[in-house]
Number of protein chains: 2
Amino acid sequence: MLTGESKEHLLQHYPMLRELPAAERDALLSAANVMDIPAGTVIFDENQPCQGFPLLLSGSVRVSKSSPNGRELQLYRVGPGESCILTSSCLLGHSPYHARGIAERDTRMAVLAPTAFKTLIATCEPFRDYIFALFSERLTDLMQLVSAVAFQKLDQRLAALLVAKANPINTTHQALADELGSVREIVSRLLKNFAEQGWIRLGREQIEVIDVPALQRYAAL
Amino acid sequence: MLTGESKEHLLQHYPMLRELPAAERDALLSAANVMDIPAGTVIFDENQPCQGFPLLLSGSVRVSKSSPNGRELQLYRVGPGESCILTSSCLLGHSPYHARGIAERDTRMAVLAPTAFKTLIATCEPFRDYIFALFSERLTDLMQLVSAVAFQKLDQRLAALLVAKANPINTTHQALADELGSVREIVSRLLKNFAEQGWIRLGREQIEVIDVPALQRYAAL
DNA sequence: CCCGTTCTGTGACTTTCCTCACAGACAGCA
DNA sequence: TGCTGTCTGTGAGGAAAGTCACAGAACGGG
């Protein structure tokens with residue numbers, strides 16, 4: 001059930017819902033329930049059916065694939081106001097999940113029942129547009145990812161990843177490897193190269209990016 | 001403009017449009033125009049804006065990414081009744097294409113104006129469901145593809161590709177390589193291995209799959 | 001039937017990435 | 001202060017895949 005505060009919070013992140021007549025909106029949202037999820041929780045996993053349609057209020061979710069031999073590859077990340085399109089996909093395509101979702105930090109989400117979601121899609125054009133735009137974005141992202149994995153060298157992908165993150169980057173080499181679908185040793189070595197070029201400075205659980213343009217140039221080769 | 005025959009053709013492939021009141025439907029479809037596209041035509045390419053929403057009537061379209069050094073990787077294929085979701089994505093996400101689409105064979109499609117498409121989505125629930133389901137399917141496919149490219153060996157992917165195709169397979173090694181995102185020499189060598197195992201028989205522009213289970217087993221390792 | 005084009009086979013070499021193995025560095029805590 | 005667990009650095013070795021170079025085979029049109 002959505003309290004007054006959470007509801008305001010939700011409308012803030014999903015402003016397109018304001019377009020809906022208040023009565024109608026309240027009817028739909030009262031059917032939603034708010035979940036608080038501690039960091040590290042596996043929210044969904046491969047081959048599990050989906051129960052509802054989540055709207056993220058705070059925190060973030062890492063969606064990834066993992067290989068039989070323990071490697072991992074991040075597909076994308078979901079932030080507040082973004083909803084988890086993969087779940088929509090499950091609900092709308094009537095298939096189970098094909099990836100794993102883990103809460104990166106403490107996360108709060110409002111989960112809509114499938115019927116409520118369908119009604120929203122049907123009656124609220126801005127919301128529908130929003131969902132389509134999200135789908136579109138994910139599709140584009142994934143196509144980019146496929147082509148990066150297939151055609152780019154790991155060091156270029158790593159360089160791109162480094163410039164994409166907020167500086168300084170507080171993370172382990174292992175986490176970077178998991179994001180790229182590689183292994184720790186390789187990432188360590190490549191980072192060392194970058195450091196020798198003077199592009200970054202390395203510390204424990206910390207990478208300070210010094211020369212953004214150089215990394216960008218290298219990534220774009 | 002849609003003639004009576006093409007219209008019937010279209011309704012056959014997109015039955016969900018029958019749900020729409022005939023008058024409304026005709027109004028929308030009269031705004032569509034039918035295009036015949038010879039095999040090999042580049043229908044769209046990276047960084048081009050989109051003009052309309054295509055519904056495939058016959059033929060098929062290969063959607064692929066290509067690398068700077070001439071390699072290519074097939075993202076997916078669009079058949080009749082499938083529409084090209086990538087285009088929807090462009091229209092709905094308001095971004096240009098991020099891949100290339102080539103007609104594999106002679107292809108006929110009805111192109112809807114963006115406004116007509118939007119109206120359809122808004123008013124015809126079965127059509128909307130259908131579009132969502134397509135999105136969902138592509139998303140799933142792409143996630144599978146990413147994980148295959150990242151984690152599987154090329155020979156396994158090749159094996160999977162071989163069993164997925166109709167037997168005998170009439171194609172060149174180069175075409176297979178383009179589908180997998182690799183190069184001709186490697187594919188040739190791997191095929192030779194498979195032939196030596198007695199799993200396939202090789203001919204010019206032809207591959208005869210003999211032992212499907214063996215290939216499947218190998219692909220699933 | 002000849003000739004050019006396309007397709008295929010193959011060897012030698014290089015690069016990239018992974019695996020294994022282990023050692024040192026650092027942080028936090030008892 | 002010492003201990004323990006996590007994080008990082010690094011070398012050796014190997015497998016997978018790409019590159020280059022070229023030769024032979026099959027086909028198809030003139």
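Convention: sequence-line order gives letters A, B, ...; per-chain numbering from 1. Only this structure's heavy atoms are used, side chains among them; waters, hydrogens and symmetry mates stay out. Values in this document were obtained by computation on a predicted structure and should not be read as measured data.
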For residues A/L29 and A/L112, determine if any side-chain heavy atom of one lies less than 4.5 Å from a side-chain heavy atom of the other.
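Touching, per the 4.5 Å side-chain cut-off.
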Within-4.5 Å side-chain heavy-atom neighbours: A/I131 and A/F53:
yes
For the residue pair B/F127 and B/F117, categorise the inter-ring angle as parallel (less than 30°), tilted (30 to 60°) or perpendicular (more than 60°).
perpendicular
In terms of ring plane angle, is the pair B/F132 and A/F132 parallel, tilted or perpendicular, where the classes change at 30° and 60°?
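Rings of B/F132 and A/F132: parallel, under 30°.
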Hey, mind stepping through B/L56 and B/Y14 against side chain to side chain contact (heavy atoms under 4.5 Å, CB included) and telling me if it holds?
CA-CA 9 Å; B/L56 242 74; B/Y14 299 86; 4.1 Å; yes
Can you tell me if A/D178 and A/Q174 form a side-chain donor-acceptor pair at under 3.5 Å?
yes
Among side-chain atoms of A/S188 and A/H173, is any donor-acceptor pair under 3.5 angstrom?
yes
Whole-Å distance separating the CG atom of A/N193 from the C1' atom of D/dT8
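Rounding to the nearest Å, CG of A/N193 and C1' of D/dT8 are 15 Å apart.
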How long is the line joining CG of A/L191 and C1' of D/dT10, in whole Å?
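My rounded result for the distance is 14 Å.
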What residue among A/K65, A/R157, A/K165 forms salt bridge (charged side-chain N to carboxylate O under 4.0 Å, His left out) with A/E179?
A/K165
Does B/R71 reach the main-chain N or O of B/G181 with its side chain, forming a donor-acceptor pair under 3.5 Å?
yes
Donor-acceptor pair, distance only, cut-off 3.5 Å: does the side chain of A/S136 make one with the backbone of A/L134?
no
How would you give the extent of chain A contacts on DNA chain C, as first and last nucleotide 5' to 3' within a 4.0 Å heavy-atom cut-off?
C/dT16 to C/dA27
When you compare the protein's N or O atoms with those of nucleotides 14-20 of chain D, which come within less than 3.5 Å of each other, and at what distance?
from: D/dA16; atom 1: OP1; to: B/K153; atom 2: NZ; distance (Å): 3.1
from: D/dA17; atom 1: OP1; to: B/L154; atom 2: N; distance (Å): 2.6
from: D/dG18; atom 1: OP1; to: B/R71; atom 2: NH2; distance (Å): 2.9
from: D/dG18; atom 1: OP2; to: B/S182; atom 2: OG; distance (Å): 2.6
from: D/dT19; atom 1: O4; to: B/R189; atom 2: NH2; distance (Å): 2.9
from: D/dC20; atom 1: N4; to: B/E185; atom 2: OE2; distance (Å): 3.4

Please enumerate all protein N or O atoms sitting under 3.5 Å from an N or O of nucleotides 23-27 of chain D, with distances to 0.1 Å.
none

